[in-house]
Every structure is written in C-alpha cells, then in structure tokens.
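Chain A is the first sequence line, chain B the second, and so forth, proteins listed ahead of strands; every chain is numbered from 1. All values reported here derive from a predicted model rather than from experimental measurement.
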There are 2 protein chains.
Amino acid sequence: MPISPEPTPVSKRAEQIDTASRILDIAEELVQTRGFGGFSYADIAAQLDVTPASLHYHFGSKGDLGEALVRRYRMRFFAALEEIDRRPRQAPAKLEAYARIYSDALRLGRMCLCGMLAAGYETLPEPMRQEVVRFFDENEAWLVRVLDQGRKEGTLAFTGGTSAVAQSIISGLEGALLIARPYGDVGRFRSAATRLLTSLVRASRTSAGAAGGARTASSRG
Amino acid sequence: MPISPEPTPVSKRAEQIDTASRILDIAEELVQTRGFGGFSYADIAAQLDVTPASLHYHFGSKGDLGEALVRRYRMRFFAALEEIDRRPRQAPAKLEAYARIYSDALRLGRMCLCGMLAAGYETLPEPMRQEVVRFFDENEAWLVRVLDQGRKEGTLAFTGGTSAVAQSIISGLEGALLIARPYGDVGRFRSAATRLLTSLVRASRTSAGAAGGARTASSRG
DNA sequence: TTGCGGACTTACTAAGTAGTTAGTAAGCTA
DNA sequence: TAGCTTACTAACTACTTAGTAAGTCCGCAA
C-alpha cells in the first residue's frame with residue numbers, strides 16, 4: 001500500500017487473496033505505526049478474522065514474519081526507485097520523487113518501516129537487523145548515483161563526499177518523518193524535506209525549473 | 001547521565017541514593033535503547049535488586065513512571081540549554097553545543113529519549129504524548145532564539161522562516177541519531193550534523209572560526 | 001518503649017504473550 | 001477413491017505483563 005500501489009496479487013483459488021500477503025499487509029501497517037514490539041499475533045488475527053495460531057502456519061515465528069516483512073518492503077521500495085530511474089529525469093526531480101515516497105507514508109499516518117525498526121533496533125532478531133541495515137545501504141547507493149548524475153549534469157551542487165550527502169538525505173527525511181508524526185502534520189515534513197533538497201540544487205538562472213520542481217513536488221500533499 | 005553530569009542527589013538516609021531517581025535512571029536508559037514498550041518492571045527491578053512490585057510504591061503505574069521520566073528529561077535538557085546560554089557565545093558555537101547533547105547520547109548507545117518516544121507515539125498514554133510534544137516545541141523555541149541571534153550578529157545565514165529552520169535542525173539531528181545507531185557509528189552522526197549546521201553558517205573571511213568551530217565540536221567524539 | 005510511617009517483600013491476580021499440538025474440512029492429483 | 005496438501009481451529013503450554021493487597025522491617029520521634 002505505501003510504496004507502490006500494490007500489484008493486487010491474483011489468487012489461484014479465485015475468491016480470496018493470498019493469506020500470507022494479507023498478514024504482511026496488516027503487520028506492515030502495525031509496524032509502521034506502533035513498532036515491531038507494539039503489536040501481537042492477536043492484533044493481526046483479529047483483523048483477518050482468524051485464530052492467532054493460524055498465523056504460525058504461514059510464518060513459524062514472529063521473527064520469520066518480521067524478516068519476510070522487511071524483505072518485501074525493501075524489494076518494493078527498490079522497485080519504486082527503479083521506476084523513478086525508468087524514464088530519464090534530472091537529479092532534482094529524482095530526489096523530489098524520492099522524498100514523495102516518504103511523504104506518502106506519512107499521509108497514511110505511517111513512519112518508514114525501516115526507520116521505525118531502526119528505533120527498536122536493539123530489540124530485533126539478528127536476521128531483521130541485517131535486512132534493516134541493508135535497506136539503508138541500498139538507499140544510500142541509489143542516492144549516490146543520483147547525486148553523481150546531478151553533479152555531472154550541473155543540476156546539483158554540494159561539498160563533501162557523495163556518500164556523506166546521501167546519508168544526510170536519508171537521515172534528514174527519516175528524522176522529518178519521525179517528528180512530523182506526533183504533530184500529524186504533513187506540512188511539517190514537506191517543509192523540512194524541501195529545505196534539505198533545495199540546499200543541494202544548484203542556484204542558477206535556469207534553476208527555476210529544478211528548485212521550483214522540488215517545491216512543487218512537496219507542496220501538492 | 002546523558003545530558004548533564006547528574007547532580008548526585010544527596011540521600012537523607014546517608015548511605016543510599018533516592019530510589020525513585022534510580023528507578024528513573026534505569027528506565028531512562030531502557031527507553032533510550034529499547035523504547036517505552038521495550039522493557040518491563042522486571043527489567044528495572046532486576047537492576048535495582050528489588051521486587052517488581054516495589055516499583056509500584058514509587059510510581060503507581062507505568063504511565064506515571066513514563067510521565068515523570070519525560071518531564072525530568074525535558075527539564076534537564078533545558079537546564080543544559082540554559083547552561084549554553086549562560087556565557088555569551090556566537091550562534092554557531094551554540095548550535096555546535098546543541099548538537100553535542102545529541103552525540104553525547106549516541107556515544108552511550110542511546111537515542112534521544114523523546115525521539116524514541118516519538119517513534120512509539122501511538123502507543124503512549126496521553127500525558128506522555130503531551131510531554132513529548134512540549135519537548136519538541138521548547139527545543140524549537142530555543143533554536144529560534146539562537147537563529148535570530150545569529151542572523152542579527154551576522155554569523156548565520158539562511159532563507160525561509162526561522163521556525164522552519166529550527167524544525168529542520170531538530171529533525172535532522174533526530175534522524176541522524178536514529179540512523180547512526182544501527183551502525184554503531186558516531187562518525188556517521190557527526191558527519192550529518194556538521195553538514196546540517198555548516199549549511200547555516202555564513203560564509204565569510206572570518207567564518208573560519210565559526211565553521212571550523214562546528215567541525216571541531218563534532219570531531220572530538 | 002512504644003508507636004508511626006516510609007520502604008519495602010511476599011504472594012498473589014488477571015490478562016496477555018508467542019508458540020505447540022492434534023485434529024479437521026475442503027480441495028487437488030494420480 | 002486413496003493419498004496428499006492447504007489452511008485452518010480448539011485447546012492447550014509456559015511464560016511475561018502490569019498491577020494489588022496484606023504484611024514486615026527498621027529508623028526515628030515522642
């Protein structure tokens with residue numbers, strides 16, 4: 001639901017949608033709003049109108065569920081990034097699209113799944129930890145490519161290492177999400193995201209499109 | 001422990017330190033590393049070498065404990081900010097000292113208490129929620145004063161509203177803390193914090209002290 | 001010395017936690 | 001139609017959770 005518009009997995013048994021996916025959908029929302037320790041099997045089972053025990057049929061343990069959850073989230077997230085890369089765009093537009101992934105979550109009252117898991121990192125089983133770190137690493141790698149592109153095409157300007165800038169984008173957006181949620185205020189996120197991204201956009205006569213693009217992107221929520 | 005060096009509250013009964021404070025100290029560390037839902041009375045009791053039930057003597061409910069915890073944290077935090085204001089400094093040095101409060105927590109492997117609580121905001125009892133929001137509001141108010149000072153004295157330069165900039169500093173630092181923790185890497189926080197703050201420091205011939213100050217501050221961890 | 005109150009402990013409860021077990025009903029396949 | 005798989009349920013275990021109630025210990029003041 002949050003990242004891509006959900007590919008509506010067609011059931012083999014005609015009437016009902018794959019139960020494992022529905023479990024993950026419900027768990028995803030619960031993790032993004034309450035954290036991994038903030039819900040129980042009973043919460044998922046109640047929404048599915050099923051016994052808690054039956055969840056163990058699909059996912060042996062809560063850790064297994066969590067691992068599957070982060071993996072699916074990570075893969076969907078990068079599918080969305082590939083979608084951004086699909087048609088040729090300038091770097092500022094890509095960053096703007098990147099930020100929109102975050103604000104889309106916030107609009108549903110959700111934190112980024114991996115941002116939420118980062119908060120409770122110490123309480124996570126090892127396999128989940130690895131998935132979370134991998135999520136951030138791959139985000140960084142994608143951003144580094146966009147930043148390099150922007151530098152080459154002259155649309156972005158920044159000092160310091162590309163990795164450091166990529167990291168500051170990730171942490172800036174995650175932090176903006178974290179703080180905006182208690183206020184229930186998407187505008188608060190938008191404002192911080194716009195500041196962050198426009199500080200990278202190269203100021204020039206022709207930059208109205210680029211900087212303006214970032215503003216446009218984040219002001220449509 | 002995290003913010004100010006703890007005023008070692010002298011006991012009335014000579015030998016032992018006030019138990020309520022010790023409970024809060026232990027709870028504070030647990031919340032900052034695991035979240036409010038990530039520990040139980042048993043965890044605190046074990047560290048205090050006391051029965052879980054006896055905690056109820058000092059704090060009627062877990063919510064009461066949490067409320068007292070955030071209130072104490074908030075008050076200590078602002079005592080630290082007043083300490084920064086005490087001797088006259090230029091705005092960049094104040095921002096640098098502000099960032100150091102965050103990195104001090106990270107050095108102990110801790111998240112900002114209110115950042116952690118912001119993640120689990122939906123799971124908090126109402127009185128705790130109010131304390132958390134108040135923490136961020138008062139942070140913003142302090143930062144606004146520093147930003148105004150910097151603008152007047154010519155050490156800071158930024159576009160847009162002062163509140164928006166203050167908010168982006170808070171969320172930038174909270175986010176940097178959030179992401180740095182899974183990596184166990186203070187340098188990662190430092191790098192993001194330095195980028196964030198130096199982007200506000202006015203570039204000039206005499207700015208070596210200011211910008212350099214921010215760099216110095218965050219490179220001593 | 002007696003009594004009082006602060007700071008507990010012992011012993012409990014009710015509810016919730018993940019997870020296990022054996023069994024069932026429906027459908028698919030050979 | 002026999003044997004298998006899928007997707008469960010009912011009933012449990014073992015444990016943890018916050019919270020309660022009643023009683024104990026101990027220093028201190030009258």
Side-chain angles (χ1 to χ4, degrees), chain A residues 9-28 30-31 33-70 117 120 122-129, chain B residues 9-28 30-31 33-70 117 120 122-129:
Chain A
V10 180
S11 162
K12 12 161 197 178
R13 304 275 189 94
E15 352 82 323
Q16 73 171 2
I17 293 173
D18 174 45
T19 307
S21 297
R22 292 173 65 204
I23 292 171
L24 290 177
D25 290 342
I26 295 167
E28 188 167 270
L30 287 166
V31 172
T33 52
R34 311 175 54 90
F36 189 64
F39 71 96
S40 74
Y41 271 38
D43 297 315
I44 300 175
Q47 284 194 52
L48 260 182
D49 199 31
V50 142
T51 308
S54 84
L55 302 183
H56 287 285
Y57 170 78
H58 299 279
F59 302 98
S61 72
K62 202 184 177 187
D64 291 340
L65 195 167
E67 206 185 328
L69 189 57
V70 195
L117 294 176
E122 295 216 347
T123 69
L124 300 181
E126 188 52 37
M128 286 187 72
R129 293 186 178 191
Chain B
V10 181
S11 161
K12 8 156 200 189
R13 303 279 190 90
E15 351 82 324
Q16 73 171 3
I17 293 174
D18 174 45
T19 306
S21 296
R22 293 173 65 205
I23 291 172
L24 290 177
D25 290 342
I26 295 167
E28 188 167 271
L30 287 166
V31 172
T33 52
R34 311 175 55 91
F36 189 65
F39 71 97
S40 73
Y41 272 37
D43 297 316
I44 300 175
Q47 284 193 53
L48 259 182
D49 200 30
V50 143
T51 308
S54 84
L55 302 183
H56 287 285
Y57 171 77
H58 300 279
F59 301 97
S61 72
K62 203 186 177 186
D64 292 340
L65 196 168
E67 205 184 328
L69 189 58
V70 195
L117 294 176
E122 296 217 347
T123 69
L124 300 180
E126 187 53 37
M128 287 187 71
R129 292 186 180 192

To the nearest Å, give me how far apart CD1 (A/I44) and P (D/dC8) are.
14 Å
From A/L48 CG over to A/D25 CG, what is the distance, rounded to the nearest 0.5 angstrom?
9.5 Å
Rounded (10°) bend between the five-pair end axes of the helix from C/dT1-D/dA30 to C/dA30-D/dT1
10°
Might you work through the side-chain contact (heavy atoms from CB on, under 4.5 Å) test for B/L24 and B/L65, ending with a clear yes or no?
CA-CA 7 Å; B/L24 290 177; B/L65 196 168; 4.1 Å; yes
Using a 4.0 Å heavy-atom cut-off to protein, can you give one letter per nucleotide of nucleotides 15-22 of chain C, 5' to 3': B if the base is in contact, S if only the sugar-phosphate is, - if neither?
--SSBB--
Does D/dC8 have its OP1 or OP2 closer than 4.0 Å to a side-chain nitrogen or oxygen of A/T51?
no
Phosphate-side-chain proximity, B/Y57 and C/dC8, N/O vs OP1/OP2 below 4.0 Å
no
Separation of C/dA7 C1' from B/D49 CG (nearest whole Å):
15 Å
Over all heavy atoms of both residues, which pair between B/L124 and B/R129 is shortest? Give the atoms and the distance, please.
O-NE, 3.2 Å
Where A/R34 and B/E122 come nearest, the two heavy atoms and their spacing
NH1-O, 4.4 Å
Closest approach of A/E67 to A/M128 (non-hydrogen atoms, all atoms of both residues):
N-CG, 3.7 Å
Listing, residues 50-62 of chain A side-chain donor-acceptor contacts under 3.5 Å, not counting sequence neighbours, or none:
unit_1	atom_1	unit_2	atom_2	d
A/S54	OG	A/T51	O	3.0
A/H56	ND1	A/G60	O	2.9
A/S61	OG	A/G63	N	3.3
A/S61	OG	A/D64	N	3.1
A/S61	OG	A/D64	OD2	3.4
A/K62	NZ	A/F36	O	2.9
A/K62	NZ	A/F39	O	2.9

Taking only N and O in the side chain of B/S54, is any of them less than 4.0 Å away from OP1 or OP2 of C/dT9?
yes
First locate atom CG of A/L69, then atom CG of A/L117, and finally report the distance between them rounded to the nearest 0.5 Å.
7.5 Å
When you measure from the side-chain N and O atoms of A/H58 to the phosphate of D/dC8, is any distance below 4.0 Å, counting only OP1 and OP2?
yes
